[in-house]
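Reading through the structure tokens given below for one structure.
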Protein chains: 4
Amino acid sequence: MSSPSHASPSQRQRRKEARPQELLDAALALFVEKGFAATRSEEVAARAGVSKGTLYLYYPSKEELFKAVIRESLGSKIAEGREELDKHQGPMAELLVWLMQEWWMRLGQTPAGGIMKIMLAEARNFPEIAAFYVDEVIDPSCNMLAEVIRRGVASGEFRPVDPDAAVHVLIGPVLHLVLHQYSIGACGLDLGPKKDPEAVIALHMDLLFKGLLNRPDHEGGSAAHA
Amino acid sequence: MSSPSHASPSQRQRRKEARPQELLDAALALFVEKGFAATRSEEVAARAGVSKGTLYLYYPSKEELFKAVIRESLGSKIAEGREELDKHQGPMAELLVWLMQEWWMRLGQTPAGGIMKIMLAEARNFPEIAAFYVDEVIDPSCNMLAEVIRRGVASGEFRPVDPDAAVHVLIGPVLHLVLHQYSIGACGLDLGPKKDPEAVIALHMDLLFKGLLNRPDHEGGSAAHA
Amino acid sequence: MSSPSHASPSQRQRRKEARPQELLDAALALFVEKGFAATRSEEVAARAGVSKGTLYLYYPSKEELFKAVIRESLGSKIAEGREELDKHQGPMAELLVWLMQEWWMRLGQTPAGGIMKIMLAEARNFPEIAAFYVDEVIDPSCNMLAEVIRRGVASGEFRPVDPDAAVHVLIGPVLHLVLHQYSIGACGLDLGPKKDPEAVIALHMDLLFKGLLNRPDHEGGSAAHA
Amino acid sequence: MSSPSHASPSQRQRRKEARPQELLDAALALFVEKGFAATRSEEVAARAGVSKGTLYLYYPSKEELFKAVIRESLGSKIAEGREELDKHQGPMAELLVWLMQEWWMRLGQTPAGGIMKIMLAEARNFPEIAAFYVDEVIDPSCNMLAEVIRRGVASGEFRPVDPDAAVHVLIGPVLHLVLHQYSIGACGLDLGPKKDPEAVIALHMDLLFKGLLNRPDHEGGSAAHA
DNA sequence: CATGAATGAGGGTTCATTCAT
DNA sequence: TATGAATGAACCCTCATTCAT
């Protein structure tokens with residue numbers, strides 16, 4: 001599937017349609033690992049099992065390849081969350097938990113999450129791509145989450161907070177986990193707490209809803225993760 | 001301050017000792033702005049007001065310069081917080097607020113915060129630096145914050161939570177703001193909510209302590225998500 | 001005529017025999033327009049309505065294609081002038097005028113004239129072709145013209161001049177017009193005098209025969225192109 | 001002086017100012033010999049005795065180098081002829097002879113003449129340069145020669161001819177000789193008549209003034225070059 | 001110490017040529 | 001026979017690094 005050299009010659013024709021995807025996969029993996037600038041286009045080609053020149057049959061330049069990687073990886077992932085929001089019926093808190101977990105699984109567990117790291121590292125060198133990323137990924141995501149907060153506040157489920165600011169509190173820890181995983185976390189260092197990201201997310205939700213302060217009033221301290 | 005070439009001869013002597021620091025400052029600013037790979041060593045020299053060759057009198061290679069920048073920027077910024085922890089008397093919540101605000105001011109408002117972005121981008125290409133960063137920055141910071149949580153829990157101020165996991169919830173939003181500021185936020189795009197980072201931090205603290213859920217002040221526990 | 005890809009299947013059979021010529025035509029046009037090195041072989045194929053690979057079925061390399069273009073374009077255009085010389089009866093001056101006009105029409109008005117430009121540009125890179133060109137085109141042409149001069153001198157029609165040197169005076173202006181037309185003249189710049197090449201040739205003949213100097217003696221100053 | 005490698009190391013500093021000229025000379029020679037496209041920039045550098053990178057310290061691209069070659073070679077050669085025209089007193093015929101001979105010596109005997117060949121070959125690929133060449137070289141030259149003709153006609157020395165058209169007749173043979181010399185003439189072929197370009201020019205002048213036709217009437221047929 | 005001219009390995013990209021279909 | 005995907009050698013240009021001054 002991703003074996004370097006050309007395996008049997010009879011497969012060539014069949015590969016033709018898979019090539020773009022194979023190249024995108026290779027590029028994503030390497031860009032995440034080494035950064036965009038530090039990845040040589042020949043490496044991408046080699047990882048996809050083709051020669052340098054072949055890469056340029058499918059993408060006219062390294063930068064266009066980068067854009068294609070972003071489009072392909074993030075393009076459709078946004079609309080899905082939106083749909084969930086629209087069809088959800090129960091309390092917003094439930095939806096938020098589901099969204100956070102889903103996000104972690106989609107970004108934290110797949111190389112697509114590494115794109116965030118790339119964007120952070122290269123945004124200033126590629127303003128055009130940064131703008132694309134903001135328009136296609138960041139803005140829709142934030143808007144959707146803000147809408148969840150807004151509805152919760154409107155229904156009285158949530159305290160009255162600024163939805164836009166709350167979104168960043170919401171996002172922060174998950175983003176942190178994702179970014180960490182693809183940079184320092186990938187260095188082979190043994191980082192105690194990051195061993196269990198799901199637990200962090202669970203606690204994040206628990207704290208978000210109930211707060212950190214002890215409330216002697218009623219609940220006798222149902223903390224998460226004893 | 002940054003006048004290139006030859007100023008008055010008397011100033012030169014004075015400069016000589018400042019050179020290493022001037023070079024590190026220049027390098028830090030550029031690495032943060034453009035990334036390590038995309039910064040040309042000649043640019044660094046020019047920004048420090050010296051010639052290309054001079055740079056190599058102080059640092060044997062671009063990579064060593066990079067390491068020096070990181071080392072220099074990270075050194076000993078940690079101890080201060082530790083002291084504050086030891087001498088603090090009031091509730092831990094107060095200390096946490098002070099620490100978050102302090103952190104934002106020190107990282108968000110100074111170029112040193114850009115180091116986080118650099119580390120994120122280059123950690124995998126410089127594992128030794130990453131290890132250094134973990135040992136000198138991440139671990140101490142996390143340990144200190146964990147200690148704050150731990151004390152709060154012990155005193156009954158906080159609910160019983162896993163301190164290590166809580167640290168990441170705590171850190172996430174601030175880190176997010178800092179990283180954003182040095183990458184996408186620097187692209188000139190207009191990003192609504194990020195216009196007021198202090199408000200985000202304030203809300204972060206508010207939510208952290210009191211939770212998002214509406215609590216009719218005594219009510220029988222409307223906790224979300226058991 | 002130049003419809004690419006697959007026309008009707010019946011036309012294809014017919015085309016097969018025309019292919020070599022179509023390829024040569026396409027190559028000639030492009031070599032004249034852009035030069036040999038700057039013309040991509042795929043362009044030649046595309047202009048001939050075939051694929052890149054097909055070109056190599058007919059010509060083993062771009063260089064061989066170039067040689068074939070030259071050979072094909074130059075073949076046997078010389079003999080005709082020769083015949084004219086042999087059967088001509090009147091004064092040599094008349095013949096010269098006819099030859100010059102004929103030459104201009106054949107070279108100046110057809111893409112074949114561009115070959116001269118190509119030869120000039122590429123002769124040193126393709127010495128064998130240059131030799132071929134000298135043998136097949138330059139020498140016969142010059143010899144024929146020299147013969148015209150020689151006869152004119154022998155019959156007393158012309159002053160006694162060195163025929164070989166005279167040939168170059170004869171050729172110069174026409175060559176100049178042809179070359180210009182295919183290089184600078186094709187750049188869209190507005191070049192006053194070159195708007196009327198025929199007038200230049202007419203004047204060339206007039207000057208050649210009667211000279212530029214005013215001769216009060218007898219003929220009452222029959223200048224060309226008042 | 002033009003020995004490839006770096007001779008003695010002490011000369012380096014001294015060479016610095018000579019470098020641009022050395023590079024231009026090398027580039028001119030190679031462009032004339034092989035054409036612009038077919039000359040590798042590394043070849044130019046090697047011929048100038050420097051490395052590839054050094055070339056780019058002086059000229060930002062191969063194309064800019066090309067432009068510099070043209071400017072440097074042709075820039076000032078035009079005005080000089082003009083001066084001669086202004087201060088000349090005797091008959092225009094004398095001036096024309098002088099100009100033609102001068103031109104041949106300046107273009108035919110120096111590599112600068114090869115630029116004409118380059119322009120011919122590359123004009124269509126570099127319209128900007130072609131425009132420059134027309135403005136700076138062709139137009140001034142033609143205008144000057146037309147002026148000579150015009151004065152001769154006005155004074156009665158010459159027959160009434162169209163000056164602009166006459167210029168092309170005048171130029172043609174010289175141009176032909178120059179171009180030939182740098183293309184086919186440089187292939188090592190033995191080309192009889194071209195062995196003596198000065199003779200061709202002399203005959204060109206003789207024919208131009210007196211014409212080719214035998215004129216029994218007055219002067220007893222003083223032909224040039226028996 | 002400081003300079004900046006010079007180097008040359010290396011990276012992105014092109015394109016003549018091949019070959020499986 | 002025709003195709004066009006694939007190759008890989010070259011080419012232009014950059015830039016980290018060196019070194020003579």
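Letters A, B, ... mirror the listed sequences (proteins, then strands); counts begin at 1.
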*Given that D/E63 and B/T39 both sit by DNA chain F, which one's nearest nucleotide is further toward the 5' end?*
D/E63

_I want to verify a distance call: between E/dA16, F/dT3, F/dC13, whose nearest atom is closest to the C/S41 side chain?_
E/dA16

_For E/dA20, the Watson-Crick or wobble partner whose two distances fall under 3.5 Å_ = F/dT3

_Tell me whether the side-chain N/O atoms of A/S51 come closer than 4.0 Å to OP1 or OP2 in F/dG8._
no

_Is the shortest side-chain heavy-atom distance between B/E22 and B/R47 below 4.5 Å?_
no

*Check whether any side-chain nitrogen or oxygen of A/Y58 sits under 4.0 Å from OP1 or OP2 of F/dA6, and answer yes or no.*
yes

*Taking OP1 and OP2 of F/dA5, is either one under 4.0 Å from a side-chain nitrogen or oxygen of A/T54?*
no

*Quick one: is the NZ or CZ of D/R71 closer than 6.0 Å to the six-membered ring centre of D/F132, and within 45° of its axis?*
yes

*Return no unless some side-chain N or O of C/R19 is found under 4.0 Å from OP1 or OP2 of F/dT1.*
no

_Please pick, from E/dG12, E/dC15, E/dT7, the nucleotide with the shortest atom-to-atom distance to any side-chain atom of C/R40._
E/dC15

*asked:* Any salt bridge linking C/E128 with C/K67? Criterion: basic side-chain nitrogen under 4.0 Å from a carboxylate oxygen.
replied: yes

*If you draw the axis of the six-membered ring of A/F36, does the NZ or CZ of A/K62 fall within 45° of it and under 6.0 Å from the ring centre?*
yes

*Inter-nucleotide C1' distance (F/dT21, E/dC1), Å rounded*: 13 Å

*Starting from the 5' end of DNA chain E, give me the residue, C/Y56 or A/G53, whose nearest nucleotide shows up first.*
A/G53

*Tell me whether the OP1 or OP2 atom of E/dG8 has a side-chain N or O from D/K52 closer than 4.0 Å.*
no

